[in-house]
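Please read the structure below before turning to the comments.
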Amino acid sequence: MVQRLTEVSAPDGRTLGVAQWGDPDGSAVFVLHGIPGSRNVRPRDEEAIQRAGLRLVTYDRPGYGASHRQPGRRVVDCAQDVAAIADALGLDRFAVSGFCGGAPHALAVAACLDGRVTAAECQGGLAPFGAEGLDWWAGMSPEGVAEFGWALDGERALHENLMRLAEEKLAGMALDQANLHAAPDGQAGAELAGPDAVREFVNAKRGGFTAGIWGRVDDNLAVLAGWGFSLDEIAVPVTIRYGARDTEISPGHGAWLGAHIPDAKVVVDPDGGHFIDPATWIEELRALVAAG
């Protein structure tokens, strides 16, 4: 089952762009994209998703892709959007996985929809800004430090700088493997092997810009602000995964989350970076389903 775009109404009338991948009768997992991203970010191999018995649900967070913007949104606000999507798709129970900037949102869903969420997972996720006992900036990529620094300067400064950055990124997104192999953290290794993989990667990333830059702006502001829920509220099984060699988000973020989420399972890849290869990703999603 591939449904690249289904429009769902949020409780306040906004439109949410939703996609589904894999087995229509499989175990449902919401996969929440990073910053930036879109509903097209998921493991590429459709047949492998089906063989794993997974029904993956992705969506554009407000301001990305086909989803209307929600100015001033907080991380916790995504829970009502996920609930609306689950209702529209007839999903009573589901797991949730978030990557990088999507990880706080996955935790929000787990905290607020614990009667429906079977298990949650954070992959290379961010910890709360200002978390006690964590040097939030240490080990973060220079690009990440710059972007979150603009966010601390306010919405206007962030928007202006991200507009400039988006124009540069889109101009440089040529569909050739040589160009993308310059991506940081080995991103263009197994993940981008071959022209089809490169094309999928570019399309997924470009999807994060189709509605403009406001989704990325609001994501950055939301991550730095109070998330709107407490980690102590999470009562479902949580797995924290991160690579010990992550050069985008410090492994310290994952370690902090693992130490502050009740009964969290922590899985560290000693040789891993920020990104994971598609086959491993699917296996991790299968393990997430089993955890619930």
Side-chain angles (χ1 to χ4, degrees), residues 8-12 14 16 18 20 22 25-34 39 42 52-62 67 70 73-129 131-132 219 222-223 225-242 253-267 281 284-292:
V8 172
S9 293
D12 60 0
R14 288 175 293 108
L16 298 167
V18 180
Q20 296 186 78
D25 298 316
S27 300
V29 183
F30 276 79
V31 177
L32 309 186
H33 65 75
R39 66 184 183 277
R42 85 290 178 191
L54 297 173
R55 178 183 180 181
L56 303 187
V57 181
T58 60
Y59 80 104
D60 302 316
R61 276 196 300 278
S67 293
Q70 184 184 16
R73 62 178 165 90
R74 300 177 300 165
V75 169
V76 72
D77 294 334
C78 75
Q80 65 178 357
D81 288 350
V82 168
I85 294 168
D87 289 345
L89 300 181
L91 299 175
D92 294 325
R93 301 276 285 168
F94 48 85
V96 61
S97 174
F99 170 72
C100 190
H105 296 83
L107 294 176
V109 173
C112 298
L113 304 179
D114 62 329
R116 304 181 71 173
V117 174
T118 59
E121 174 187 70
C122 296
Q123 174 71 47
L126 288 160
F129 184 67
E132 185 177 356
D219 260 350
V223 165
W227 289 358
F229 67 98
S230 171
L231 297 178
D232 292 337
E233 298 176 50
I234 301 174
V236 303
V238 176
T239 302
I240 305 296
R241 297 182 183 273
Y242 60 91
H253 284 245
W256 191 95
L257 288 171
H260 289 81
I261 296 174
D263 301 319
K265 176 183 178 181
V266 179
V267 180
W281 193 357
E284 290 182 356
L285 293 173
R286 289 183 64 182
L288 173 63
V289 169

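Side-chain contact check for R42 versus L285: every heavy-atom pair is 4.5 Å or farther apart. Side-chain contact between Q70 and D12: present, with at least one pair of heavy atoms (C-beta onward) separated by less than 4.5 Å. By the 4.5 Å heavy-atom criterion applied to side chains, R61 and D81 are not counted as neighbours. Looking at V289 and T118, their side chains never come closer than 4.5 Å, going by heavy atoms from C-beta outward. Counting heavy atoms from C-beta on, the side chains of H105 and V82 never come closer than 4.5 Å. At least one side-chain heavy atom of R73 sits under 4.5 Å from a side-chain heavy atom of D219. Counting only heavy atoms from C-beta outward, the side chains of P104 and F129 never approach each other to under 4.5 Å. Within the 4.5 Å cutoff, no side-chain heavy atoms of F30 are placed close to those of V117.
The CZ atom of R241 lies 6.5 Å from the NZ atom of K265; values are rounded to the nearest 0.5 Å. Interatomic distance, Q80 CD to I85 CD1, rounded to the nearest 0.5 Å: 11.0 Å. A distance of 6.0 Å separates CG of D92 from CZ of R116, quoted to the nearest 0.5 Å. Taking CG of D263 as the reference point, atom CD1 of I261 lies at 11.0 Å (rounded to 0.5 Å). For the atom pair CG of L113 and SG of C78, the computed distance is 8.5 Å after rounding to the nearest 0.5 Å. With rounding to the nearest 0.5 angstrom, the CD atom of E121 is 11.0 Å from the CG atom of L107.
In this structure, the side chain of R14 does not engage the main chain of V8 through any donor-acceptor pair within 3.5 Å. The main-chain N or O of P62 is never found under 3.5 Å from a side-chain atom of S67 such that the two would form a donor-acceptor pair. Using a distance-only test at 3.5 Å, with no hydrogens or angles considered, no donor-acceptor pair links the side chain of R286 to the main chain of L54.
Contact between W256 and A127 at its shortest, heavy atoms only, is CE3-CB, 4.0 Å. When all heavy atoms are compared, the tightest approach of S97 to A106 is C-CB, 4.0 Å. Between I234 and P262, the shortest heavy-atom distance links the atoms O-CG, 4.2 Å. Contact detail for F94 and A86: the closest heavy-atom pair is CE2-CB, 3.5 Å. Closest of all the heavy-atom pairs between W227 and V223 is NE1-O, 3.0 Å. The two atoms that bring V266 and G258 nearest to each other are CG2-CA, 3.6 Å, heavy atoms only.
Among V236, V96, D114, the one residue that satisfies the side chain to side chain contact (heavy atoms under 4.5 Å, CB included) test with V109 is V96.
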Intermediate values then yes/no, side-chain contact (heavy atoms from CB on, under 4.5 Å), E284 and T239: CA-CA 10 Å; E284 290 182 356; T239 302; over 6 Å; no

